[in-house]
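Quantities reported herein were computed from a predicted structural model and do not represent experimental measurements. Lettering of chains follows the sequences in order, A, B, ..., and the numbering in each one begins at 1.
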Number of protein chains: 2
Amino acid sequence: MTHDRPATAPQPEHERAERILDAARELLMAWGYKRVTVDEIARRARIGKGTVYLHWKTKEQLFTALLRRELRQHVHTVATGIERDPDAARPSRVAREVFAEQARAPIHRAMLAGDDELLGALAVSGTGLPVIRELGFGELLARLVEIWRAHGLLTEALPAADQVFIIDMALHGAVTGGVVTGLDNSDYPTEHRADLLAHTIRTALEPAGPPNPARLRAAAQAVLTALEDARHTLDAPGLHAANR
Amino acid sequence: MTHDRPATAPQPEHERAERILDAARELLMAWGYKRVTVDEIARRARIGKGTVYLHWKTKEQLFTALLRRELRQHVHTVATGIERDPDAARPSRVAREVFAEQARAPIHRAMLAGDDELLGALAVSGTGLPVIRELGFGELLARLVEIWRAHGLLTEALPAADQVFIIDMALHGAVTGGVVTGLDNSDYPTEHRADLLAHTIRTALEPAGPPNPARLRAAAQAVLTALEDARHTLDAPGLHAANR
DNA sequence: CAGTTGACCAGATTTGAAATTTGGTCAATC
DNA sequence: GATTGACCAAATTTCAAATCTGGTCAACTG
């Protein structure tokens, strides 16, 4: 190789991987997994098809990497909110933010809802699990619950597993809508639904009254660490190393 | 006609309609809407196919009548529970019972979840609404919420519409399961999930502390009336009168 | 003749084989 | 050494023929 490339310089390979993912993202939202072809992705990225396979072994791995990136960015958004205001680290606030983000981002919603139309074969992974679960969402939620409990942001009246279940249930219900709630019911704004989700989780799981500011800050710190770890876990293998 | 048939005598037509619905029910659970043929229903009911069309104009109307009957029986179950114990009229208890019933009865679950596999074309009605909604489930829930509020079984801190949304959201989430919750997760018993749903609705929507016994009894009475009305509404047109 | 039936039909669905598309590879090229 | 696109096997789509099924109604029954 021509001298060692300084680590600080932008790695062209990584940049290219991002470009490919950008192209895949556009096409995914426009056409859905099934109808997107690797050829078309390569064309959009102004690259030969073979080059795509220099980055990922299969189409599925490429898109998994994309979903990881989406989730990673979302985790970053949540983390930023918490850095700005520790109160955003409370369970109800985090759930609210996840819901709100889902309403904005079609891909994120598809992951949470297991949308077969958009994700196609990706909706359930090879092991039969929903992608979102495969991506470690469950583990992250479980860890957050432990942190929240340790810092008094969740009651200890209920076992942690039950609290995970309730958060999961409420979030899923809010995302996929119910019997009465039409998903197209646009006169019931997203923000309002998000508030109701937050209200539900707060009253069902959080201790009464506002949290102690000092404990809240400590909790926020721990949550940020957990999110940072999750982001690290989500660092998608996108280069040669992962191949073969 | 040969004399007027006394109204007290069992009407063979009605009995026959029930037999047809029984046959349809068995087949629906075994094969799903799409694969059940009217021929097979007639055979099971030991009746000519033409006779089926003496009762309902179309296959879809036949199955809608079946779903109505299912729902009617379920409403009856809930009502019986309330007659036995007025406490069962509380929002959290009703939600719990609906969830528990859904776990037992495949058809009921399919209606709540909008299961395309089992209900096929029936999952969403002609107007694009989930069947369950078409059957007046939404209206019933809205009416119950009003009753609960009037009798102090629900806070007035939240608008009624919001409470409907939350109940709907929680119920739907519990039924369809979330990201973490595998639907096959058999080591998380139905009864326990039902308890968690009840807990969520109780803490999120009901006033703190046990309800005043006198008011509870009055509320139970009003709820029973509403259920009775719903049952009446659900009386499926199953005879000639509805034809043409 | 009122009530019931199943042969019948048009339209929907399924089948299956040929034609096309697409994920993935690798020899040729830069 | 990195990149590419022609190439291939396998998957998917097409499309017409074959089959099935919802719904009707003339015939039949008691």
Between atom [atom1] in [X] and atom [atom2] in [N], what is the gap in whole Å?
{"X": "B/R46", "N": "C/dT5", "atom1": "CZ", "atom2": "C1'", "value": "16 Å"}
{"X": "B/E60", "N": "D/dT21", "atom1": "CD", "atom2": "P", "value": "18 Å"}
{"X": "A/W56", "N": "C/dG23", "atom1": "CH2", "atom2": "P", "value": "15 Å"}
{"X": "B/K34", "N": "D/dG22", "atom1": "NZ", "atom2": "P", "value": "13 Å"}
{"X": "B/Y33", "N": "C/dA12", "atom1": "OH", "atom2": "P", "value": "14 Å"}
{"X": "B/L27", "N": "D/dT21", "atom1": "CG", "atom2": "C1'", "value": "15 Å"}
{"X": "B/K59", "N": "D/dT24", "atom1": "NZ", "atom2": "C1'", "value": "17 Å"}
{"X": "B/R35", "N": "D/dT19", "atom1": "CZ", "atom2": "P", "value": "21 Å"}

Item to complete: Quick one: list whatever passes side-chain contact (heavy atoms from CB on, under 4.5 Å) with B/A105, sequence neighbours left out.
Response: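 B/E101, B/H108.
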Worksheet item: side-chain contact (heavy atoms from CB on, under 4.5 Å) with A/E18: which residues, sequence neighbours excluded?
Response: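 For A/E18 the side-chain contact (heavy atoms from CB on, under 4.5 Å) partners, ignoring immediate neighbours, are A/H14, A/R69.
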Quick check for you: among [options], whose closest atom lies nearest to any side-chain atom of [X]?
{"X": "A/I47", "options": "C/dG24, D/dT4, D/dT24", "value": "D/dT4"}
{"X": "A/K49", "options": "C/dT4, D/dT24, D/dA6", "value": "D/dA6"}
{"X": "A/T51", "options": "D/dT4, C/dG24, C/dT4", "value": "D/dT4"}
{"X": "B/Y53", "options": "C/dG24, C/dT5, D/dG23", "value": "D/dG23"}

Worksheet item: Should A/R16 be listed as having a side-chain N or O under 4.0 Å from OP1 or OP2 of D/dT3?
Response: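 For D/dT3, OP1 or OP2 has a side-chain N or O of A/R16 closer than 4.0 Å.
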Discussion item. Rounded at 0.5 Å granularity, tell me how far OG1 in B/T58 sits from CH2 in B/W56.
Written reply: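 Atom-to-atom, B/T58:OG1 and B/W56:CH2 are 11.0 Å apart.
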Practice prompt. Please list, chain by chain and in numerical order, all residues satisfying side-chain hydrogen bond (donor to acceptor under 3.5 Å, both in side chains) with B/E117, sequence neighbours excluded.
Written response: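 If we apply the side-chain hydrogen bond (donor to acceptor under 3.5 Å, both in side chains) test to B/E117, skipping adjacent residues, there are no hits.
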Worksheet item: Heavy atom of residues 36-44 of chain B under 4.0 Å from DNA chain D: which residues?
Response: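 Within residues 36-44 of chain B, the residues near DNA chain D are B/V36, B/T37, B/V38.
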Item to complete: Only counting residues at least two apart or in another chain, list the ones meeting salt bridge (charged side-chain N to carboxylate O under 4.0 Å, His left out) with A/E228.
Response: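 Here the qualifying residues are A/R231.
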Worksheet entry | Candidate list B/D115, B/L67, B/L28, B/D116, test side-chain contact (heavy atoms from CB on, under 4.5 Å), partner B/L122, passing option |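 Running side-chain contact (heavy atoms from CB on, under 4.5 Å) over B/D115, B/L67, B/L28, B/D116 with B/L122 returns exactly one hit, B/L67.
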Practice prompt. Return the set of residues passing ring pair (Phe, Tyr, Trp, His ring centres under 6.0 Å) with B/Y33 (not counting sequence neighbours), or none when no residue passes.
Written response: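 Ring pair (Phe, Tyr, Trp, His ring centres under 6.0 Å) list for B/Y33, sorted by chain: B/F63.
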